[in-house]
Amino acid sequence: MNKVVIVTGGSRGIGAATTKLLASKGYLVCVNYRTDSNSASAVVNEINALGGRAFPYQADVSNESQVIALFDETERQFGQITHLVNNAGLLFQQSSFTGISLERFNQVLASNLTSCFLCSKEFLKRNPSYGSIVNVSSVAAKTGSPFEYIDYAASKGAMDSLTKGLALEVATMGIRVNAVRPGFIHTDMHADGGEPDRIKRLSPQIPMQRGGTPEEVANTIAWLLSDEASYITGATIDVAGGK
Ligand code: NAP
């Protein structure tokens with residue numbers, strides 16, 4: 001049976017590292033992205049040049065009809081979808097709590113949490129009898145991200161609850177659901193928050209005194225996704241240098 005995976009937000013950062021690693025392990029990969037087709041195509045070209053199989057697919061995964069189209073196209077190209085990585089996420093400019101608008105709050109929850117709900121539901125509706133889901137949460141779920149992005153932290157806290165509940169609900173179905181909580185990972189996301197050097201500033205507070213790489217997170221995602229983690233469900237692994 002082919003291992004077929006959708007990686008949401010697979011075009012850059014942690015998602016791109018994950019798609020490349022999974023392709024090297026024999027997964028057939030759908031590289032989802034929302035806006036940046038160049039980055040998605042670059043990832044796909046790199047995978048296919050190395051003998052893997054991948055295709056890019058544009059979809060805003062907070063939109064139900066676009067999620068359904070994403071799953072339809074992946075099934076059409078590769079057959080039954082067996083694995084899912086809910087990685088897509090965003091944050092906005094660092095702000096105090098009262099500076100967060102309702103529009104922004106709703107947008108963060110839609111991209112980070114509703115996306116996970118919609119994709120997990122679509123995955124399960126298609127009746128896989130084998131496979132797993134890994135959700136990409138954040139240590140922000142524990143810290144709450146005061147003065148930076150409480151909206152983002154709240155979306156990740158809710159993702160942790162979704163992970164636990166869904167894992168227990170489908171535990172007898174041959175489907176495992178787990179999460180990783182990355183800490184301070186070198187990607188472009190920090191620039192989106194308005195502080196490209198954020199990791200340098202915070203490194204002294206990290207027990208290992210450094211940020212992590214997207215590949216270090218991808219390794220953990222790939223392991224949890226795989227049969228090597230066959231007796232693990234409902235778990236959350238921190239990938240955060242001890243934070
Ligand atoms: P990134 O470099 O900003 O990449 C985010 C990816 O998500 C992009 O591919 C983006 O696509 C996609 N995306 C965002 N919203 C989307 C939507 N509604 N529909 C489809 N795709 C969407 O981020 P990253 O740092 O790799 O983070 C990946 C995940 O790890 C996120 O969930 C993030 O919260 C989590 N995380 C990151 C860190 C960190 O330190 N970097 C720490 C903890 C957790 P486009 O570029 O096409 O818009």
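Counting starts at 1 for both ligands and their atoms, in listed order. Every value quoted in this text rests on a predicted model; they were computed, and no experiment measured them.
- Near G9, the atoms of ligand 1 lying under 4.0 angstrom from a non-hydrogen atom of the residue are 6 (C), 7 (O), 9 (O), 12 (C).
- Ligand 1 places these atoms under 4.0 Å from at least one heavy atom of D60: 17 (C), 18 (N), 19 (N).
- Short contacts between ligand 1 and S111, defined as distances under 4.0 Å to a heavy atom of the residue, involve ligand atoms 15 (N), 18 (N).
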Chi angles and distances behind the side-chain contact (heavy atoms from CB on, under 4.5 Å) call for F55, V31
CA-CA 6 Å; F55 74 97; V31 179; over 6 Å; no
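- Close contacts between ligand 1 and V136 involve ligand atoms 29 (C), 30 (O), 32 (O), 35 (C) [criterion: under 4.0 Å to a heavy atom].
- Contact check for K243 versus M208: no side-chain heavy atoms found under the 4.5 Å cut-off.
- Considering each of M189, M159, Q58, the one bringing a non-hydrogen atom nearest atom 27 (O) of ligand 1 is M189.
- No more than 12 heavy atoms of other residues, nucleotides or ligands sit less than 6.0 Å from atom CD of E169.
- The closest side-chain heavy-atom distance from R53 to V29 is not below 4.5 Å.
- Residue contacts with ligand 1 for H186 are absent, since no atom lies close enough (heavy atoms, distance under 4.0 Å).
- Per-residue contacts place R12 under 4.0 angstrom from the following atoms of ligand 1 (heavy atoms of the residue considered): 1 (P), 2 (O), 3 (O), 4 (O), 8 (C), 9 (O), 26 (O), 46 (O).
- Distances shorter than 4.0 angstrom do not occur between any heavy atom of A40 and any atom of ligand 1.
- The protein heavy-atom contact nearest to atom 44 (C) of ligand 1 is S137 O, 3.1 Å.
- Taking only nitrogen or oxygen atoms, main chain and side chain alike, D36 reaches within less than 3.5 Å of ligand 1.
- Ring centroids of Y57 and Y33 are separated by 6.0 Å or more, keeping the two rings apart.
- In this structure, A140 and S145 approach most closely via the heavy-atom pair CB-OG, 3.3 Å.
- Contacts between R181 and ligand 1 below 4.0 angstrom, taking non-hydrogen atoms only, are absent altogether.
- At a heavy-atom cutoff of 4.0 Å, ligand 1 is contacted by no atom of S39, backbone or side chain.
- Distance from atom 9 (O) of ligand 1 to its nearest protein heavy atom, with residue and atom name: S11 OG, 2.7 Å.
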D160/K142 under salt bridge (Lys or Arg N to Asp or Glu O under 4.0 Å): CA gap, chis, key distance, verdict
CA-CA 10 Å; D160 288 357; K142 296 193 297 183; over 6 Å; no
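- Closest to atom 11 (O) of ligand 1, if we only count protein heavy atoms, is R34 N, 3.6 Å.
- The two residues I199 and H190 make their nearest non-hydrogen contact at CD1-NE2, 3.6 Å.
- Counting atoms of ligand 1 from 1 in the listed order, those under 4.0 Å from a heavy atom of H190 are 39 (C), 40 (O), 41 (N).
- Using a cut-off of 4.0 Å between Lys/Arg side-chain N and Asp/Glu carboxylate O, K20 and E215 are scored as not salt-bridged.
- The shortest distance between side-chain heavy atoms of I221 and N219 does not fall below 4.5 Å.
- Protein heavy atom closest to atom 40 (O) of ligand 1, with residue, atom name and distance, is I185 N, 2.9 Å.
- Taking distance alone, with nitrogen or oxygen atoms compared against 3.5 Å, V61 approaches ligand 1 more closely than that limit.
- In terms of protein heavy-atom proximity, atom 24 (P) of ligand 1 is closest to T187 OG1, 3.7 Å.
- Distance from atom 34 (O) of ligand 1 to its nearest protein heavy atom, with residue and atom name: Y152 OH, 2.5 Å.
- Residues P214 and I185 meet the side-chain proximity criterion, which asks for heavy atoms closer than 4.5 Å.
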Worked verdict on M1 versus T82 for side-chain contact (heavy atoms from CB on, under 4.5 Å)
CA-CA 9 Å; M1 183 187 199; T82 55; 3.6 Å; yes
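- K3 has no carboxylate O lying under 4.0 Å from a charged side-chain N of D227, or vice versa, which leaves the two without a salt bridge.
- Under 4.0 Å from ligand 1, not a single heavy atom of A16 appears.
- The nearest heavy-atom contact from the protein to atom 45 (P) of ligand 1 is T35 OG1, 3.5 Å.
- At a heavy-atom distance under 4.0 Å, no atom of V217 approaches ligand 1.
- Taking a cut-off of under 4.0 Å to the non-hydrogen atoms of N87, the atoms of ligand 1 that pass are 28 (C), 29 (C), 30 (O), 31 (C), 32 (O).
- Within the structure, the closest approach of K156 to ligand 1 falls below 4.0 Å when heavy atoms are considered.
- Scanning all protein heavy atoms for the shortest distance to atom 14 (C) of ligand 1 gives G89 O, 3.5 Å.
- Under the 4.5 Å side-chain heavy-atom criterion for ILVMFWY residues, no single connected hydrophobic cluster contains both L109 and Y149.
- Here's the thing with V139: none of its N/O atoms is less than 3.5 angstrom from an N/O atom of ligand 1.
- Within ligand 1, counting atoms from 1 as listed, the ones closer than 4.0 Å to a heavy atom of I14 are 26 (O), 30 (O), 37 (C).
- Atom CG of D188 and atom CG of D36 lie 9.5 Å apart (nearest 0.5 Å).
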Worked verdict on V180 versus L224 for side-chain contact (heavy atoms from CB on, under 4.5 Å):
CA-CA 9 Å; V180 295; L224 269 179; 3.8 Å; yes
